[in-house]
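Along the sequence shown, residues carry numbers from 1. Hydrogens, waters and symmetry mates play no part in the numbers below; they use all other heavy atoms, side chains included.
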Amino acid sequence: MNKYMLVMMMLLVGTTAFANSTTSEGLLGGIGLTGSVIAIVASWSRNNSVLWAILHGFLGWFYVVYFLLSSKKKE
(Lines give C-alpha, C1' and ligand atoms only; values in the text may rest on other atoms or scores of the structure.)
Protein backbone atom coordinates (compact mmCIF):
# COMPACT_ATOMS: atom_id res chain seq x y z
CA MET A 1 0.00 0.00 0.00
CA ASN A 2 2.88 2.38 0.72
CA LYS A 3 4.32 2.14 -2.79
CA TYR A 4 0.97 3.18 -4.26
CA MET A 5 0.91 6.22 -2.01
CA LEU A 6 4.45 7.06 -3.14
CA VAL A 7 3.44 6.78 -6.80
CA MET A 8 0.42 9.01 -6.24
CA MET A 9 2.52 11.60 -4.42
CA MET A 10 5.10 11.60 -7.23
CA LEU A 11 2.34 12.01 -9.82
CA LEU A 12 0.93 14.96 -7.92
CA VAL A 13 4.32 16.64 -7.66
CA GLY A 14 5.12 15.97 -11.32
CA THR A 15 1.87 17.31 -12.68
CA THR A 16 1.64 20.25 -10.29
CA ALA A 17 5.11 21.44 -11.25
CA PHE A 18 3.97 22.07 -14.82
CA ALA A 19 0.31 22.96 -14.21
CA ASN A 20 0.87 26.73 -14.39
CA SER A 21 2.63 26.62 -17.73
CA THR A 22 0.73 28.13 -20.66
CA THR A 23 2.84 26.55 -23.38
CA SER A 24 2.67 23.03 -24.72
CA GLU A 25 6.33 22.56 -23.75
CA GLY A 26 5.37 22.70 -20.06
CA LEU A 27 2.61 20.16 -20.53
CA LEU A 28 4.83 17.76 -22.45
CA GLY A 29 7.59 18.20 -19.89
CA GLY A 30 5.14 17.26 -17.14
CA ILE A 31 4.04 14.16 -19.00
CA GLY A 32 7.65 13.11 -19.57
CA LEU A 33 8.58 13.75 -15.96
CA THR A 34 5.58 11.78 -14.74
CA GLY A 35 6.52 8.82 -16.94
CA SER A 36 10.06 8.88 -15.61
CA VAL A 37 8.87 8.97 -12.00
CA ILE A 38 6.49 6.05 -12.55
CA ALA A 39 9.25 4.11 -14.34
CA ILE A 40 11.68 4.67 -11.47
CA VAL A 41 9.17 3.57 -8.84
CA ALA A 42 8.15 0.51 -10.86
CA SER A 43 11.77 -0.44 -11.51
CA TRP A 44 12.70 -0.06 -7.85
CA SER A 45 9.73 -2.19 -6.75
CA ARG A 46 10.76 -4.96 -9.12
CA ASN A 47 14.59 -4.86 -9.03
CA ASN A 48 15.66 -2.95 -5.89
CA SER A 49 18.59 -1.54 -7.87
CA VAL A 50 19.53 2.12 -8.22
CA LEU A 51 21.30 1.55 -11.55
CA TRP A 52 18.27 -0.13 -13.10
CA ALA A 53 16.01 2.60 -11.71
CA ILE A 54 18.15 5.30 -13.34
CA LEU A 55 18.20 3.48 -16.67
CA HIS A 56 14.44 2.91 -16.59
CA GLY A 57 13.93 6.55 -15.61
CA PHE A 58 15.57 7.55 -18.90
CA LEU A 59 13.30 5.16 -20.79
CA GLY A 60 10.22 6.63 -19.11
CA TRP A 61 6.87 5.60 -20.56
CA PHE A 62 8.44 2.81 -22.64
CA TYR A 63 9.44 1.01 -19.44
CA VAL A 64 6.06 1.71 -17.82
CA VAL A 65 4.27 -0.01 -20.71
CA TYR A 66 6.75 -2.91 -20.60
CA PHE A 67 6.32 -3.20 -16.84
CA LEU A 68 2.53 -3.40 -17.17
CA LEU A 69 2.64 -5.94 -20.00
CA SER A 70 5.24 -8.17 -18.37
CA SER A 71 3.97 -8.14 -14.80
CA LYS A 72 2.89 -11.53 -13.53
CA LYS A 73 -0.32 -11.83 -11.59
CA LYS A 74 0.08 -13.16 -8.07
CA GLU A 75 -2.10 -16.11 -7.24
Side-chain angles (χ1 to χ4, degrees):
M1 186 69 167
N2 287 336
K3 70 178 175 180
Y4 295 114
M5 292 299 289
L6 179 64
V7 170
M8 293 305 291
M9 186 172 57
M10 293 294 200
L11 282 173
L12 267 172
V13 169
T15 54
T16 305
F18 295 97
N20 294 329
S21 178
T22 58
T23 64
S24 63
E25 293 172 2
L27 178 63
L28 294 176
I31 291 171
L33 177 67
T34 304
S36 294
V37 169
I38 294 171
I40 290 169
V41 172
S43 176
W44 181 260
S45 71
R46 180 177 284 178
N47 302 318
N48 291 330
S49 170
V50 174
L51 292 176
W52 280 116
I54 291 170
L55 175 67
H56 295 147
F58 285 121
L59 295 174
W61 285 109
F62 294 112
Y63 181 73
V64 173
V65 170
Y66 169 76
F67 180 82
L68 291 174
L69 293 176
S70 67
S71 63
K72 297 179 182 177
K73 295 182 180 179
K74 295 181 180 178
E75 295 181 18

Self-check item: From Ile40 atom CD1 to Tyr63 atom OH, the distance as rounded to the nearest 0.5 Å
Solution: 11.5 Å
Quiz item: For His56 and Ser43, which heavy atoms make the closest approach, and how far apart are they?
Solution: ND1-OG, 2.7 Å
Self-check item: Heavy-atom side-chain contact between Trp44 and Val41 under 4.5 Å
Solution: no
Exercise. Please report the shortest heavy-atom distance between Asn47 and Trp52, naming the atom on each side.
Key: ND2-CB, 3.9 Å
Quiz item: Any donor-acceptor pair under 3.5 Å linking the side chain of Ser70 with the backbone of Tyr66?
Solution: yes
Quiz prompt | Minimal non-hydrogen separation, Phe67 against Ser45, with atom names | solution = CZ-OG, 4.1 Å
Practice problem: Taking Ser36 for its side chain and Gly57 for its backbone only, find out whether a donor-acceptor pair lies under 3.5 Å. | Solution: yes
Self-check item: Same apolar cluster (I L V M F W Y, side chains within < 4.5 Å links), Val64/Leu69
Solution: no
Quiz prompt | Heavy-atom check, side chain of Leu51 versus side chain of Leu55, under 4.5 Å | solution = no
